[in-house]
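See below for the structure under consideration.
In what follows, chains are A, B, ... by sequence order, proteins preceding strands, each numbered from 1.
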There are 2 protein chains.
Amino acid sequence: MPTRLKDLAKETGYSVSTISRALLGYKDVNAETRRRIVKAAQKHDYYPYQSARQLRAGKTYIIGFLIPTYGLRFSDPFFIELLTGIGDGAAAKNYDVLVGTSPEGEGELEAYKRIVAGGRVDGVVITRTKEDDKRVDYLLKVHTPFVLLGRVFNKPNVPYIDIDSKNGIKLLTEHLLKLGHRKIGFITSPEELVFSRYRNEGYREALKKYGIKYDASIVKIGDLTQETGRKLATELFRQKNRPSAVVCANDLTALGVYSAAHQVGLEIGSDISISGYDGISLAENAHPPLTTIQVPIYEVGIKLFNMLYKLLNNEPLENKQILLPPQPIYRNSTGPPRKADGH
Amino acid sequence: MPTRLKDLAKETGYSVSTISRALLGYKDVNAETRRRIVKAAQKHDYYPYQSARQLRAGKTYIIGFLIPTYGLRFSDPFFIELLTGIGDGAAAKNYDVLVGTSPEGEGELEAYKRIVAGGRVDGVVITRTKEDDKRVDYLLKVHTPFVLLGRVFNKPNVPYIDIDSKNGIKLLTEHLLKLGHRKIGFITSPEELVFSRYRNEGYREALKKYGIKYDASIVKIGDLTQETGRKLATELFRQKNRPSAVVCANDLTALGVYSAAHQVGLEIGSDISISGYDGISLAENAHPPLTTIQVPIYEVGIKLFNMLYKLLNNEPLENKQILLPPQPIYRNSTGPPRKADGH
DNA sequence: CCATACTCCTAAAACGTTTTTGTTATATTA
DNA sequence: TAATATAACAAAAACGTTTTAGGAGTATGG
């Protein structure tokens, strides 16, 4: 039904190869010929059939992106913003994005194999890197190009973008310390994630700088979901050594802490200070607006695609490993503690 | 680098066509032969090269889904949950999902043309249908199968799933009326969206049933984002005829109203009642939990894919047009008004 | 023993594009 | 005028899969 080169050949009287060459801008095509061919192509809304182009070129012009999910439905708005960036970057270069979901655990690697095997995609964007990440090992083995959002260990040469989350969390924690908080809780992320290590370090370093002892009883390991944030914060708020501030590994967790705070009647920003991480739009529009590290998620998405694009087209990649400085945004979810607790 | 039929042919001594037929389960292949071939295929991790398969079959085994965005980054978590459903449904049938973003306005149709032209996808899932939807016209014209989340007008035979949002909003509004509210605001969605019409009708019908006059001054047209929800609610709360309850077109808008309420010191569920629509997980984990219509988003995503799958494979579609009854969930964001206002 | 049926395999074509190589006709140069 | 360069087009191959058509060999039946 759709128009093919063959049809244009029949209509214009030129050969298929001339049609193709004319449309692709080859020089040895007569100007008048090209005009006629272009006109016919426009008339019939010609668009090259991708499957054929892909087979011929050995490329799909598609990249893969898997959204991490917890359970069936829960995911982080962070990934839509990222996906939007990746998608818009891709569209600008006439690439497409194949999206799937990747469950935590065993299924994750399978999900990646599924889109990589059979050459469904030319390359992959990977997020939430793990210490010793099987996906990276696999992609290296099968020679599929990829870029990471986040670092990995023991792989010195892989391309990535990461936020310096050690210093990010450190800044936020110091901010709370400067405000006078001395008992600062921390809801962190699963241990296997690389950024957990950095964020934990940032938290500890800030405490150390202010001579405060690390107190494991007010540090909880969450899973980056709002629901778990709420549950763990509820626990924290029930403890006798209730913290006056809570640092969270991401915004979604922080919003869970908001719920818990509301529930027990704590006023956010005075009774309890809360900080997030990521800078999703929900953080900005929460009340009070959430103190957080503003990651330029959309722009990072575009940049990730552009890095991958260069890898795929053998263009030189000047900055293969990019570590972005944290941009803290101090909003009203953090303030001085209601009554200064002992120091 | 990856293994191809040719390689397996060389290794086993059979022809390419026999290899293919053996792996595809054709009956006229000797059992022992098949065993050997399967073994070799497994040994080399053979997976058919999709571009070739696609070209040969005239199908991509890919469906398209475009996420509506407002501005650069803002989108609704609703669409991740939906995408997760679509993606999982697709993966179960060895289909993939090509995802892009579609801006509001002129660019939208272009975004659809982009993935449909050139046969990038076999079919499309469309959301947020408009009255007189150009996308539907286009897809019908180029004979690309599609399914809708939402109805359209003047196209009696197109396949869709929709929630009965007239009755959904009606139920919520009636719930508020029963609680004693008489001044009920409404933050609705852009007029061109089909579901706006239904939701508006539901609101009006409920009022009428209780003999309350429609008051345009407490009805605002939003854009389904949290930010606009917050802004419009702030307006509402500043008015002298401040409503005691606000019905919202979706959960995200309702969460914006939460922010506005917090900001002016209104207690949600008593000073001000708020209802949403969709049942995203943020609604459940907000405080207080949001009264809303629980759309089984993930399941709808799966079902949408399965409908499209049947269309693509010429299987009979028993229920071509599905209208799901609304499932209201009454939570603590709605309660009786603080002091009964005149009735 | 011939004809027929059955089993198991292979050759070849096709999908539509891009690119390499070649060909023809015309123009240029010696 | 003959040799050579140039311009403009076309033929053909290739990408890897699936499927159609058919062929060789063996078994079955009369």
Side-chain angles (χ1 to χ4, degrees), chain A residues 1-38 40-41 44-62 94 96 116-122 142 313, chain B residues 1-38 40-41 44-62 94 96 116-122 142 313:
Chain A
M1 209 61 166
T3 305
R4 298 285 161 248
L5 288 180
K6 203 195 319 178
D7 307 313
L8 296 180
K10 209 165 293 174
E11 170 145 337
T12 61
Y14 294 102
S15 73
V16 164
S17 52
T18 296
I19 307 279
S20 174
R21 296 169 59 80
L23 294 175
L24 289 174
Y26 277 69
K27 304 286 282 295
D28 59 347
V29 174
N30 182 276
E32 172 59 17
T33 304
R34 190 193 307 278
R35 205 191 54 74
R36 275 200 282 256
I37 290 174
V38 167
H44 290 93
D45 256 333
Y46 171 76
Y47 204 94
Y49 191 63
Q50 297 302 306
S51 297
R53 212 166 82 91
Q54 291 171 17
L55 176 59
R56 164 71 218 210
K59 301 176 177 190
T60 60
Y61 308 100
I62 298 176
N94 207 21
D96 289 302
V116 169
R120 285 179 157 93
V121 299
D122 293 341
V142 299
N313 294 280
Chain B
M1 208 62 164
T3 305
R4 297 287 161 246
L5 288 180
K6 202 195 319 180
D7 306 313
L8 296 180
K10 210 166 290 176
E11 170 145 338
T12 60
Y14 295 102
S15 73
V16 164
S17 52
T18 297
I19 307 281
S20 174
R21 297 168 59 79
L23 294 175
L24 289 174
Y26 277 68
K27 304 287 281 297
D28 58 348
V29 174
N30 182 277
E32 172 61 15
T33 304
R34 191 195 307 278
R35 206 192 53 73
R36 276 200 282 257
I37 289 174
V38 167
H44 291 92
D45 256 332
Y46 171 76
Y47 204 94
Y49 190 63
Q50 297 302 307
S51 298
R53 212 166 82 92
Q54 291 171 17
L55 177 59
R56 165 70 219 209
K59 301 176 177 191
T60 60
Y61 308 99
I62 299 176
N94 206 23
D96 289 302
V116 168
R120 285 179 158 94
V121 300
D122 293 342
V142 299
N313 294 279

B:Y61 and A:R120: CA distance, side-chain angles, deciding distance, side chain to side chain contact (heavy atoms under 4.5 Å, CB included) verdict: CA-CA 10 Å; B:Y61 308 99; A:R120 285 179 157 93; 5.9 Å; no
Which nucleotide in C:dT17, C:dA14, D:dC9 has an atom nearest any side-chain atom of B:R56: C:dA14
Short side-chain N/O contact from B:S15 to OP1 or OP2 of C:dC9, under 4.0 Å: no
Minimum-distance nucleotide (side-chain atoms of B:S20 versus D:dA14, D:dT18, C:dC9): D:dT18
Protein-nucleotide distance (B:R4, atom CZ; D:dA14, atom P), rounded to Å: 18 Å
B:K59/B:N313 under side chain to side chain contact (heavy atoms under 4.5 Å, CB included): CA gap, chis, key distance, verdict: CA-CA 10 Å; B:K59 301 176 177 191; B:N313 294 279; 3.5 Å; yes
Selected nucleotide, minimal atom distance to A:N30 side chain, candidates D:dA8, C:dT18, D:dT18: D:dA8
Spacing of A:L23 atom CG relative to C:dG16 atom C1', expressed in whole Å: 14 Å
Gap between atoms CG and P, on B:L24 and D:dT17 respectively (whole Å): 10 Å
Among D:dT18, C:dC15, D:dA10, the nucleotide that comes nearest once only the side chain of A:S17 is considered: D:dA10
Integer-rounded Å distance: D:dT17 P and B:Y61 OH: 13 Å
Options D:dC9, D:dG16, C:dT18, nucleotide nearest the side-chain atoms of A:V29: D:dC9
Any A:Y26 side-chain nitrogen or oxygen under 4.0 Å from OP1 or OP2 of C:dT19: yes
Nearest-Å distance for atom pair NZ/P, residues B:K27 and D:dT19: 16 Å
Pairwise 5' ranking along DNA chain D for A:R34 and A:A52, keeping only the more 5' one: A:R34
Touch class at under 4.0 angstrom, heavy-atom based, for A:G13 against every strand present: sugar-phosphate
Distance (rounded to the nearest 0.5 Å) between B:D96 CG and B:I62 CD1: 5.5 Å
Between P of C:dT18 and NZ of A:K6, the distance in whole Å: 15 Å
Whole-Å distance separating the CG atom of A:L8 from the P atom of C:dT18: 12 Å
A:Y46 OH to C:dG16 P, straight-line distance once rounded to whole Å: 10 Å
A:L24 CG to A:I19 CD1 distance, which is reported to the nearest 0.5 Å: 11.5 Å
A:K27 side, atom NZ; A:R34 side, atom CZ - distance, nearest 0.5 Å: 9.5 Å
D:dT17 OP1/OP2 closer than 4.0 Å to side-chain N/O of B:S51: no
Nearest listed nucleotide, side chain of A:Y49, among C:dT17, D:dA8, D:dG16: C:dT17
Any N/O donor-acceptor pair, B:D28 side-chain to C:dC6 base, under 3.5 Å: no
